[in-house]
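These notes are about the structure you will find just below.
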Amino acid sequence: MSSYSLNALYEVIGITKQGVWDHFRREQAELDLIRKVIGQVDKRRSEHPGEGSLISFSIMESFLDLFSTALIFYFVLYVSDYRRFKTK
């Protein structure tokens, strides 16, 4: 049974132990910030239930679905047959 070390792995990948730990610290700080912002948003929504973009977001989402469907149809009908209709 052969053993592997993290130091050998870091050397092969081309990173340092310090780089790995810095990444973990930055990721943890970002997650903490996200948790803090989500808490503030939840508090704001509970204090002001009529305010916010939940309804607006659902309308926007419906519009984006419709727009993307129309864009796909446009591409399939016109762009994909472009060479066939192109004159010399």
Side-chain angles (χ1 to χ4, degrees):
M1 178 180 200
S2 61
S3 64
Y4 298 97
S5 71
L6 287 177
N7 290 334
L9 176 66
Y10 296 151
E11 187 177 334
V12 169
I13 297 173
I15 60 175
T16 63
K17 239 190 253 189
Q18 185 66 37
V20 171
W21 285 108
D22 285 346
H23 170 75
F24 284 133
R25 279 192 284 268
R26 283 191 302 271
E27 186 176 19
Q28 189 61 46
E30 185 177 339
L31 290 174
D32 291 342
L33 179 64
I34 289 171
R35 285 187 199 103
K36 180 181 174 185
V37 169
I38 288 174
Q40 291 173 347
V41 168
D42 288 342
K43 181 181 176 193
R44 176 75 178 188
R45 283 185 179 165
S46 67
E47 292 171 354
H48 305 279
E51 189 179 285
S53 61
L54 262 165
I55 294 171
S56 301
F57 179 74
S58 64
I59 292 170
M60 178 70 86
E61 190 175 31
S62 299
F63 172 75
L64 288 176
D65 287 342
L66 180 64
F67 179 74
S68 63
T69 303
L71 192 61
I72 290 169
F73 278 119
Y74 173 79
F75 179 78
V76 168
L77 295 176
Y78 296 105
V79 177
S80 62
D81 291 337
Y82 177 73
R83 290 183 187 198
R84 186 173 70 175
F85 293 114
K86 188 176 178 183
T87 58
K88 292 183 181 183

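By the side-chain hydrogen bond (donor to acceptor under 3.5 Å, both in side chains) test, R25 pairs with D22, sequence neighbours left out. D42 meets the salt bridge (charged side-chain N to carboxylate O under 4.0 Å, His left out) test with no other residue; sequence neighbours excluded. Listed by chain and number, the residues in a side-chain hydrogen bond (donor to acceptor under 3.5 Å, both in side chains) with Q40 amount to none (sequence neighbours excluded).
Considering CD of Q18 and NE2 of H23, their distance stands at 13.5 Å, rounded to 0.5 Å.
When hydrophobic side chains of Ile, Leu, Val, Met, Phe, Trp and Tyr are connected at separations under 4.5 Å, V41 ends up clustered with L33, V37. Side-chain contacts under 4.5 Å among hydrophobic residues (ILVMFWY), followed directly or transitively, place I34 together with I38. Residue L31 is found outside any hydrophobic cluster, as its side-chain heavy atoms come under 4.5 Å of no other Ile, Leu, Val, Met, Phe, Trp or Tyr.
Hydrophobic clustering of Ile, Leu, Val, Met, Phe, Trp and Tyr side chains at less than 4.5 Å, counting indirect connections, keeps V20 apart from V12.
No more than 12 heavy atoms of other residues, nucleotides or ligands shown are found within 6.0 angstrom of CD on E30.
Under the side chain to side chain donor-acceptor pair (under 3.5 Å) criterion, the residue pairs touching residues 6-15 are N7-K17, with sequence neighbours excluded.
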